[in-house]
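Order of the sequence lines sets the chain letters (A, B, ...), proteins ahead of strands, with each chain counted from 1. Scope of the values below: all heavy atoms of this structure, side chains included, with no hydrogens, waters or symmetry mates. Since the structure is predicted, the reported quantities are computational estimates derived from the model, not experimental observations.
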Amino acid sequence: MAQWTERRPSEEFYRVLDPDGKPVNDVPDVDESTLRRMYRTMVESRLFDEKTLAMQRRGEVSIIARTTGEEAVSCGSAAALEAGDWCFPSYRQTPAALYWGADKARAVAALMGTEPETIDEHLPLEGEPEVNFTPVYVPLAVNVTNAVGTAMTDRFRGTDGVSLSYIGDGSTSQGDFHEALNFAGVFEAPAVTVCQNNQWAISVPSHRQTAAETIAQKAEAHGVPHERVDGNDVLAVYEASREAVDRARRGEGPSFIEAVTYRMVEHNTADEESVYRNETEEEYWEDKDPIDRFEAYLLSEGVLAVDDLEEIREEIREEIQEAVDRAREVPVSDPEEMFEHHLHESTWKRDHQRAELQAERRGENPFTDFTGEGLQ
Amino acid sequence: MAQWTERRPSEEFYRVLDPDGKPVNDVPDVDESTLRRMYRTMVESRLFDEKTLAMQRRGEVSIIARTTGEEAVSCGSAAALEAGDWCFPSYRQTPAALYWGADKARAVAALMGTEPETIDEHLPLEGEPEVNFTPVYVPLAVNVTNAVGTAMTDRFRGTDGVSLSYIGDGSTSQGDFHEALNFAGVFEAPAVTVCQNNQWAISVPSHRQTAAETIAQKAEAHGVPHERVDGNDVLAVYEASREAVDRARRGEGPSFIEAVTYRMVEHNTADEESVYRNETEEEYWEDKDPIDRFEAYLLSEGVLAVDDLEEIREEIREEIQEAVDRAREVPVSDPEEMFEHHLHESTWKRDHQRAELQAERRGENPFTDFTGEGLQ
Amino acid sequence: MSSQVDATADEATEEMNVVTAVKETLRQEMHRDEHVRLLGYDIGPIGGVFRATEGLLEEFGEERVVDTPLSENGILGTAVGMAMRGDRVVPEIQFTGFFYPAFGQFMYTLVKMYERSGGNLEVPMTVRMPYSGGIKSSEYHSESTETYLVHTPGCRVVVPSTPYETKGLLAASIRNDDPVFFLEPKKIYRGSTEPVPDEEYTLPLDEARYVRRGEDITVYCWGAMVRHAETAADNVDADVEIVDLRTLSPLDVETILESVKKTGRAVVLHEARRTLGLGAEISALINEYALDHLHAPIKRATGYDVHFPGHQIEDDYLPDAQRAQYAIEAVMEYEF
Amino acid sequence: MSSQVDATADEATEEMNVVTAVKETLRQEMHRDEHVRLLGYDIGPIGGVFRATEGLLEEFGEERVVDTPLSENGILGTAVGMAMRGDRVVPEIQFTGFFYPAFGQFMYTLVKMYERSGGNLEVPMTVRMPYSGGIKSSEYHSESTETYLVHTPGCRVVVPSTPYETKGLLAASIRNDDPVFFLEPKKIYRGSTEPVPDEEYTLPLDEARYVRRGEDITVYCWGAMVRHAETAADNVDADVEIVDLRTLSPLDVETILESVKKTGRAVVLHEARRTLGLGAEISALINEYALDHLHAPIKRATGYDVHFPGHQIEDDYLPDAQRAQYAIEAVMEYEF
Ligand SMILES: Cc1ncc(C[n+]2csc(CCOP(=O)(O)OP(=O)(O)O)c2C)c(N)n1
Ligand SMILES: Cc1ncc(C[n+]2csc(CCOP(=O)(O)OP(=O)(O)O)c2C)c(N)n1
Ligand SMILES: [Mg+2]
Ligand SMILES: [Mg+2]
C-alpha cells in the first residue's frame, strides 16, 4: 500500500515556461492583452482568496476553499473558451469565473450564505454572460457528466459550442467521472475535462487515490485523447486547452487534460494541513508558484513593467473592497426563499408550509390548522 | 457516432489454440484429468442451457440467460482457482459453478423461482464447497466491488486467498467497475476481474459501449495489469487466469482480463436478437465455437477419443435429467419465506405482517387488528 | 379539486393499450417539438425491452433517439446537461429497480439544479421507468420505488392507470418544465385496451381523479392497483369512492381531504412496502387535517416490509382485489 | 417495552462529548475484536473531518484503519465484501449528504446479501455518518436522510442523543450481525458532555427510551431534537412525555403505541422534510392501532419540503424548542 510519505509527481508533462519563467518550448501565440488579462485574473483570484479568508476569520463567511497556488489551471483553460461556450466549475475554479468577468460581489454574497434569489434581486447580473457558467458544484464529479450532456446536445444539434468542466484529482476516483468520459468518447462530444491535480484530496495524497502513474492515463479507459501539462504554467495549460477546445469545436470529440499543480494551502478553512503533510513538500512547491512564474515571463518579455505590478494589485484590491462593500449591503436572505424554485408552480403543501413559516415568524402558532383550509 | 453496423473485435489477443484447435502458442502445462474436467464442464453448461431452455418454453422456469458460446471464459478462469478462494459470478457464468461441482438441482430450482430457504431445506448443500461461490448477482458490476472487498481483507490479514469476479462488456460502462478496480489497484488487492466480452449488452454492441479500442485497456486507468485473450480458447483463458491468480496469491496485486467471446444466442429468453444483428456476424462466430475447438485439440492430443464424446454427453444428460427431477420435487416455496433473513432478530412489524399474511392465506381478514395487540 | 376527463364520443380514437399509448405519445411529442430527445440503453433498434420506443429510431434518427452505454447514472447525468441546454429530454431507465446507481445524479443535479441556480437553469425532463410488479420477472424487475422519489423535493412523480390517462399524463409531463418521473405499471402495459383520442391532449399533473364516487369509504390508489380497487368495490357491501392519485408528487391534498371528509373512512392500496410507503403520508395528512371526520382507523393494504420476493410467491406479496376487499371490510365494520 | 438505562454511581466514568464517545467506543471495540476494521477517506492521519477516528491509525495501523480513495460507492461495496469475509466493518461516509453515490451498493448488496443468500452470507457492518443540521455548513452537509434508509428492509438505523447513549448504541451496532446505519448528529458532537462509564456496555437496538414520563402528550423525537423536546416540555403548561426513538429501524412500535394510548395526544419532532419523513409512519401507525385513544390530531413539527437551505436561513428551516412548543400547545388545545 502507498504510504503518506512524500512523493512528488513526475515531471513528464508539457511545459512552456520553466519555474523561473523561461520558455523551454514554443510560446503559444497569444496577444498581449490576453496575456495581461490572464495575469490579472490570477492575481485577482489570489487577492480574492486573501480577502475572503480574512472575512472568514472574522466570521463573516462560513467556510472557504482557496485556489491559492492553483490559479493557472482554470485561468489558462477558461481562457481557451469562446463566447457561447459552457463552463462547469467545482469550488476551486475562481479564476475561470473571474477571467470571464464574474461579479465578485455576487461571489462574496454567495460565500456569506445568501440565497441565490436574494443575490439576483440585489446584485442582478448585468447583461448576458459571454460564457455560460453553471453554479459552483459542491458534490464532486457530477458536473463532468452534466457537461458531457450539454456537449452531446451541441453535437446532436450540429452547433459548435464547447463544454468545459473541472474535476479534482481525488474526484477522479468517483464512478461519475468514468461514466461521463465514456459517454463523451462514444458520442464524440465536444467536452473538455480538466483535472486540477493539486496532489491532495483533503488529507489523502494523489498517489493513494490511484495506482495509475498519471491521472491523464485514466482517459485511456474511454478512448479519449489526453494530455498532461504543468498546471503551474498558465501558457502550457492554455495551449493544451486551446487545442482541445478547437478540436472539440471542429467536431473531433472530447479531450482530457491533467494539469499538475499543488494546493499550497489548507483544503478549506475547517482543515489543518500540517497534520498530514510536511514542510519540505510545501517548500518544494513554493518555488513553483504560478503567478511568480508568469510574472517573471511577462516582465522579461516587456509585457509588464515592474512598476505595473503594484499598481495592478492596488487596482484589484480596490475592486475587491468595493465588491465586498456591495455584498455587505445585500440584506440577509428572506427565510421564505427556501420555498423558491422547487417546482414551477406552487403546490398545496408549499402554500401551507410557507404559511406555517410566516406564522412562526410573526410569533404565532403555525400548527392550528386542523382542517386543511389554511391558518386563520 | 458508432453505428450498429457490424464490426468484428480485433484479434490482437493471446491465443493458444486456433479456431481449428491447433496450437499456435505454447500449450500450458495442465494435467489430463484437468483437461477432461474443463471439457466436461463446458459441455455440461451447454447441455444445461439446452435443458433449461426447453423448460422455459414449457413455462416451467421464468426467464433464462444462456451462456452458449461463452463457456470457455468462466470455465478456464475458474479452473485457475484453488480451494478456499472466492468467486463472484453474474448470471452468465454457469461453467464456473459447474467446474467446482455446483449442484445442478439447486440451480434448476433457483431458475424455477424457488426461495433460497426452500432450496436449502430440500436440496441441502453437501459438505463445505471448495471454492466460495456467492449467489448470482443480477444487478450489474456491483459484484466486482464486493470481490475487491473480500480481496482487501485477505490482503490486510496477510492470508493468501484470491477473489475472482466476472463482468460483461456492457457492464464496464458502470461506475462501480472503475471504483472497484481503482480500490484494487491502490490496495494491491488479490482480486482478478474477468470481462466476458461477448460483443453485446442486450441490443447494444460492444463498440457502442466505449470508444476505447479494447476493454482490457480500461484497466490502464487504475494501474492494474491487464491481458486480452481469445475467450473462445479455454487454454488461453486458463493460462492468463492462472498467471493472474498466482500473482495475486503471491501478494503482487490485482489483474484484469478481457476475454473476447460471442453471445451466440439471444440475451435472454425475453429477447429477439434477430432485430438488431445479422446472420453474417452470427456465422462468423459459429466457426469459433469454444467447445468444438477444445474438442478438436483434445482428440488430436489423444486426451479424448471420438467414442468418448457421445458417452460423455449421454452421462451429462442423465445427470441433468436427474437434477431436474430432484428440483421438480422441491415444493413451491412457502410464502412466509419472504419474511426470512432480513434482520437477525424478529421485529414487531415483521411479526404483525407475517400474521397478516397467515390470516389472508387462511381466508381470514388480516386487517382486524386495531390495537396493535395482534390478530385475534 | 379534481376532475374526471373523458374522451368525448365524436373524437377520432384508436384502441390502445398502455405501452402503445406511451409510444404514440412519444411520437406525437417528438413531432410537435424538435427539442424532445429520448435517451437510454436498448431504446434504439429493439425499441426498449418493452418495445415502448419501437420504430422511433427509424423515424427520428439517432440524434433524437439516443441509444447509450450501460450506465443509469450516465444517462441521468447527461440528460440533465441536455435539459440545461434546452432539450426536453425523455430518458428511460430500464426498470425502477435499476434506478439506484443513478441516485447521485438524481439528488445532486436533477432535482437540484433549478433551485441551486435560483431558477436560472431549468431541467425539463421526463424520466420514464417501467414500474411495479405482477409480471413474474426476476429480482429488481418488480419494485415500486416511489418513496425515494416522493420524499425528494424538486421533481414530480406521475403514475398512469389506463391507456387514456397514459397519453394525457405523458404529454403533460414532457411539456412540463420540471423534472418528472413517469412510472409505467408493467402489469397493465398490455393487459387491456381502450379508445384513445388521436388528438393531442394533456391531463393536469396535480389533480387526482375520481374513478368512482361513493359515500361510505375512500380507497386511495394508483397505477395497476386501480383495477383491484374497482373489483373490490364491486364485491363489498358498501358504497366505495375510488381516488386514483395519478400524481404522487405533488399530492392533490385537496382531493384527498375532500373525499375522506365526506366518507369518514379510508384505505390506501399500494404495492410498495408499507413502512414509509406513500400510504403513511396519506394517513398522516388525514390525521392532521380531517381527524374529526374519521369514523375508523385508516388501513394500509400494501406490500410487506421485505425485499420483493421471487416470482413463485410474488402473488402473496402483491396486494390484489381480495386484500383491498379485506381492508375495506375491516374499516367498514369498525365501531369506536 | 422500553427502559431507561443509567450509569450507576459507583462505576468509573469519564466526562465525554458525543464525538469522544464515538472515538472511545471505536477504540474499545477494536481492542475487543480484531475483526473490527474502519474504512473511509480522511479517517487516517487527520482522524476524519470531525476527528472521530483521531489517533486510531497510529494505534491500530493501516490495515485496521483504512484510508480509502474518494468514492462512497467504492467504500460501501468493498465494505460489503469485507463483511462477507468475516470482518466487522465500520465504514464512514463523511456526511449523510454524500451517501447518494453509494445507493447502488446500498440497495444491491448491503441490505440484500443476507436475504439473497438465504442467510448463508452475513454482512455485519456499521456505517457511521455525521448527520443532520445546525452547524451552518454548506450544501449537502446538513441533511437528515433517514427516510431513504428506513423505507429499505435489511438494515437498522440508529441515532444517539447523548454521549452515554452513543457509546452503548455504537458498541451494540458494531456487535450486531446486521448492517446498521449509525447516524451521528453533528450539532451535538461537541455541545455538551456527561459522565460515560469506562466499562463496556451495550444498549438495545430495538427499544425506544423514555426521556421523561408524562400524562398529557407524547413527543416522539431522536438525535439533536431530544434536547429541544425537553426545553419545550419545560416551557409548556402540560405534562409531556418524551420518547427518544433511538432506533429508527426497526421501530419500537410497542413503546410508540404504549405511550400514546396513555397520553392520547402526540407530536413528532424531526429535522427531515415532512412529506414521508418518519413522522408520517409514526402517525400512520398510531392511526392504525390507537385511533380511539387519540384526543387530537397528531402534528408533525419538522423541516419543510424543500432542499436544505443556505446557512443564513438554516435556523428558519430547522425545528427547535419553539416549534416543538407550538406543536405541543396546538395539540393540547385541540377539542373535538
Ligand atoms: C460526492 C462527494 N463526496 C464527498 C465530498 C466531500 N469533499 C469535499 S472536497 C473533498 C476532497 C476533494 O478532493 P479533490 O477532488 O482532489 O479536489 P480538491 O479539493 O483537491 O480541489 C471531499 C471529500 C463531496 N463534496 N462530494
Ligand atoms: C444495474 C443494472 N442495470 C441494468 C440491468 C438490466 N440488464 C440486465 S443484463 C443487461 C445487459 C448486460 O450486458 P453485458 O454486461 O455485456 O453482459 P451480458 O448480458 O452480455 O453477459 C442489462 C442492461 C441490470 N441487471 N442491472
Ligand atoms: Mg485535489
Ligand atoms: Mg455482453
| note | Pair count under 4.5 Å, heavy atoms only, with chain D: among C/V150, C/V111, C/V268, highest is C/V111

| message | Quick check for you: among C/T152, C/L278, C/L294, C/L285, which has the greatest number of heavy-atom pairs under 4.5 Å with chain D? | response | C/T152

For residues 97-109 of chain D, which side-chain N or O atoms pair as donor and acceptor with protein atoms under 3.5 Å away, sequence neighbours left out?
from   : atom 1 : to     : atom 2 : distance (Å)
D/Y100 : OH     : D/E143 : OE2    : 3.2
D/Q105 : OE1    : B/N146 : ND2    : 3.3
D/Q105 : OE1    : D/T109 : OG1    : 2.9
D/Q105 : NE2    : B/V142 : O      : 3.3
D/Q105 : NE2    : B/T145 : OG1    : 3.2
D/Q105 : NE2    : B/D176 : OD2    : 3.1
D/Y108 : OH     : C/G97  : O      : 2.7
D/T109 : OG1    : D/Q105 : O      : 3.1

| request: Sort C/A290 into side chain, backbone, both or neither according to what part of it lies under 4.5 angstrom from a heavy atom of chain D. | output: neither

| note | Among C/V331, C/D305, C/D292, the residue with the most heavy-atom pairs under 4.5 Å to chain D is C/D292

| request: For chain C, find which of D/E281, D/R116, D/E115 contributes the most heavy-atom pairs closer than 4.5 angstrom. | output: D/E281

| How far apart are the closest heavy atoms of C/A284 and D/A280, and which atoms are they? | CB-CA, 3.8 Å

| When only pairs under 4.5 Å are counted, which of D/H151, D/K299, D/E288 shares the most heavy-atom pairs with chain C? | D/H151

| remark: Looking only at C/V306, C/L291, C/N287, the option with the highest number of non-hydrogen pairs under 4.5 Å against chain D is C/N287

